[in-house]
There are 2 protein chains.
Amino acid sequence: MPIDREGAAPLYLQIAAELRAGIKAGLWPAGRRLPSETELMNTYGVARLTARSAVRVLARAGEVEVVQGRGAYVRRAA
Amino acid sequence: MPIDREGAAPLYLQIAAELRAGIKAGLWPAGRRLPSETELMNTYGVARLTARSAVRVLARAGEVEVVQGRGAYVRRAA
DNA sequence: AAATATTTGTACGTATGTATG
DNA sequence: GCATACATACGTACAAATATT
């Protein structure tokens, strides 16, 4: 599902939703690393800040753990 | 020509231009290695990312070839 | 062979400036 | 003014490839 640049929701929330859907679908199981910010930039055609903001949404919600120099890792569901 | 931090052009483009000028002036002939990213950092007083970005400009243009663990080598003009 | 140093590659953290709605 | 979004730039950390000792 491509992101909608005209649409209502902010890009970073759309991407966050995509990531959530991917996690739920088992695309990235617990312990797996999410795509890097650079990969998200390329995948969605957004700036790094936007990619970061998306990942941060999941991090704040405790769904992933972000580690400097490594990446964002999926936490096992509680 | 020192780089201009206030100026219009982004630092990495200014440095890229400097490197191009050096190549054209024969400072680094074909096959020679450009200064390393660390050297560029020190020479221009910039961060590594900025030095990298400058070299990448030339690499994308096919003017140099970058090899991990070695450096950026000047290609002979076509 | 092994250890160390050099150099590029990748990745996140942070800050600032600009533009738009 | 504020939130969103892009671009630039510095900082930090670690991995991978290469070169040297």
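Order of the sequence lines fixes the chain letters, A, B, ..., with proteins taken first and strands second; residue numbering starts at 1 for each chain. Since the structure is predicted, the reported quantities are computational estimates derived from the model, not experimental observations.
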*Return the value, rounded to whole Å, for the distance between atom CG of L40(A) and atom C1' of dA11(C).*
12 Å

*Interatomic distance where CD belongs to E65(B) and P belongs to dT7(C) [whole Å]*: 18 Å

*asked:* What is the separation between atom CZ on R52(B) and atom C1' on dA9(D), rounded to the nearest whole Å?
replied: 14 Å

*asked:* Check this for me: does the side-chain of Q68(B) come within 3.5 Å of the base of dA16(D) through a donor and an acceptor?
replied: yes

*dT8(D) phosphate, OP1 or OP2: any side-chain N/O from Y12(B) under 4.0 angstrom?*
yes

_For atom OH of Y44(B) and atom P of dA9(D), their distance in whole Å_ = 14 Å

*Below 4.5 Å, heavy atoms only, C-beta onward: do L19(B) and L40(B) meet side chain to side chain?*
yes

*Does any N or O in the side chain of E39(B) come within less than 3.5 Å of the main-chain N or O of S36(B), such that one atom is a donor and the other an acceptor?*
yes

*When we call it a touch if two heavy atoms are under 4.0 Å apart, what does V55(B) touch: a base, just sugar-phosphate, or nothing?*
nothing

_In whole Å, I'd like the distance from the CZ atom of R48(B) to the P atom of dT8(D)._
19 Å

*Pick the nucleotide of DNA chain C nearest each of E37(A) and S36(B); which residue has the one closer to the 5' end?*
S36(B)

_Can you measure R70(B) atom CZ to dA5(C) atom C1' for me and round it to whole angstrom units?_
16 Å

*Can you check whether R20(B)'s main-chain N or O pairs, donor with acceptor, with E63(B)'s side chain at less than 3.5 Å?*
no

_5'-most by nearest nucleotide on DNA chain D - A47(A) or T50(B)_ = A47(A)

*Can you check whether any acceptor in the base of dG13(C) is under 3.5 Å from a donor in the side chain of R56(A), or vice versa?*
no

*Rounded to the nearest Å, what distance is computed from the CE atom of residue M41(A) to the P atom of nucleotide dA11(C)?*
12 Å

*Do L49(B) and S53(B) touch side chain to side chain, with heavy atoms closer than 4.5 Å?*
yes

*Figure out the CG/P separation between L13(B) and dT8(D), and round it to whole Å.*
7 Å

*Scan R76(B), R75(B), R70(B) and name whichever one has a side chain to side chain contact (heavy atoms under 4.5 Å, CB included) with Y73(B).*
R70(B)

*Applying a 3.5 Å limit to both distances, which nucleotide forms a Watson-Crick or G-U wobble pair with dA1(C)?*
none

